Asks: 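This is the structure I have questions about; it appears just below.
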Amino acid sequence: MINNLRNNYISIAKAIGIILMVVGHSGCPIVVGRFIYLFHMPLFFVCSGYFFKKITNLNSLNSYYLRKIKGLYFPYLKWSFLFLFLHNIFKQLHITDGDYYQLSNYIRQFCKIFVMTDYELLIRPFWFIKELLMASFFVASLSLIRVKYFPRIGIFLPLLITIAVALASHYIPKIPIIGDCSL
């Protein structure tokens, strides 16, 4: 008999993270919100990386990059450009604040969206997609480097590099790509 039981721990952890995110955004007491914000997004990232398969060669790294670009970056662009296109209509309907966009505003915003440095107001909840995309690229690249060049070092080197990048992004927030993503 095949065991079809599924381990639900990751699904339960994601559900808890979603509930905490809703509580954190619902106007809860400041102390509760600060506590939730300590770990709710890292919880999602850990759940996302739990089933990460070790990258062992350049072909599998390229394949992984393409999957992430198709699964995260292209949908991000599609929805961001749609909301950019509808910006003046949303402004006319009083759905959003801000100025009406002229052609130069559209071009500037298009470029910012393309390189993931800014978002349309109504799509700002997509901020985490850039972070998830960059984190997945970072982890996949570290995985290949560790397997190929440091096979005996274990998890110490990737952990050390991750801590260094986190500290750098905190203390030097304007580093392109890994800098502070807060808006």
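Source: prediction; values computed, not measured.
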Asks: Can you tell if the side chain of K91 reaches within under 4.5 Å of the side chain of Y101, non-hydrogen atoms only?
Replies: no
Asks: Take atom CD1 of I30 as the centre, draw a 6.0 Å sphere, and report whether it contains more than 12 heavy atoms from other residues, nucleotides or ligands.
Replies: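 Atom CD1 in I30 is not packed in, count stays at 12 or less.
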Asks: Please report the shortest heavy-atom distance between G33 and C28, naming the atom on each side.
Replies: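 For G33 and C28, the tightest heavy-atom pair comes out as N-SG, 3.5 Å.
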Asks: Which heavy atom of A13 sits nearest a heavy atom of L43, and at what distance?
Replies: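 Of all heavy-atom pairs spanning A13 and L43, the closest is O-CD2, 3.4 Å.
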Asks: If you define the side chain from C-beta out and look only at heavy atoms, does anything of F35 sit under 4.5 Å from V31?
Replies: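 No, too far: nothing below the 4.5 Å cut-off.
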Asks: The test is side-chain contact (heavy atoms from CB on, under 4.5 Å); show your working for V147 and I55 and say whether it passes.
Replies: CA-CA 8 Å; V147 166; I55 304 289; over 6 Å; no
Asks: Under 4.5 Å between side-chain heavy atoms, counting indirect links through other Ile/Leu/Val/Met/Phe/Trp/Tyr residues: same cluster for L93 and L121 or not?
Replies: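 Not linked; separate clusters.
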Asks: Test side-chain hydrogen bond (donor to acceptor under 3.5 Å, both in side chains) on Y65 and S141; report intermediate values, then the result.
Replies: CA-CA 10 Å; Y65 283 170; S141 300; 2.3 Å; yes
Asks: Decide if atom CZ of F39 counts as having more than 12 heavy atoms of other residues, nucleotides or ligands within a radius under 6.0 Å.
Replies: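 Above 12, so yes.
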Asks: Has F114 got more than 12 heavy atoms of other residues, nucleotides or ligands less than 6.0 Å from its CZ?
Replies: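 Counting other residues, nucleotides and ligands, CZ of F114 stays at 12 neighbours or fewer.
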Asks: Between N105 (side chain) and Q102 (backbone), is there a donor-acceptor pair under 3.5 Å?
Replies: yes
Asks: Quick one: pull up CG in L77 and CD1 in I69 and give me the separation to the nearest 0.5 Å.
Replies: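 One gets 10.5 Å once the value is rounded to the nearest 0.5 Å.
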Asks: Once side-chain contact (heavy atoms from CB on, under 4.5 Å) is applied, do any residues pair with Y37, and if so which ones, sequence neighbours excluded?
Replies: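 For Y37 the side-chain contact (heavy atoms from CB on, under 4.5 Å) partners, ignoring immediate neighbours, are H25, H40.
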Asks: Which residue, L82, L86, T96, L84, forms the side chain to side chain contact (heavy atoms under 4.5 Å, CB included) with E120?
Replies: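 That would be L84.
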Asks: Given D118, which of K130, R108, R124 fulfils the salt bridge (charged side-chain N to carboxylate O under 4.0 Å, His left out) condition?
Replies: R124
Asks: Which atom names give the shortest non-hydrogen contact between W79 and F126, and what distance separates them?
Replies: CB-CE2, 3.7 Å
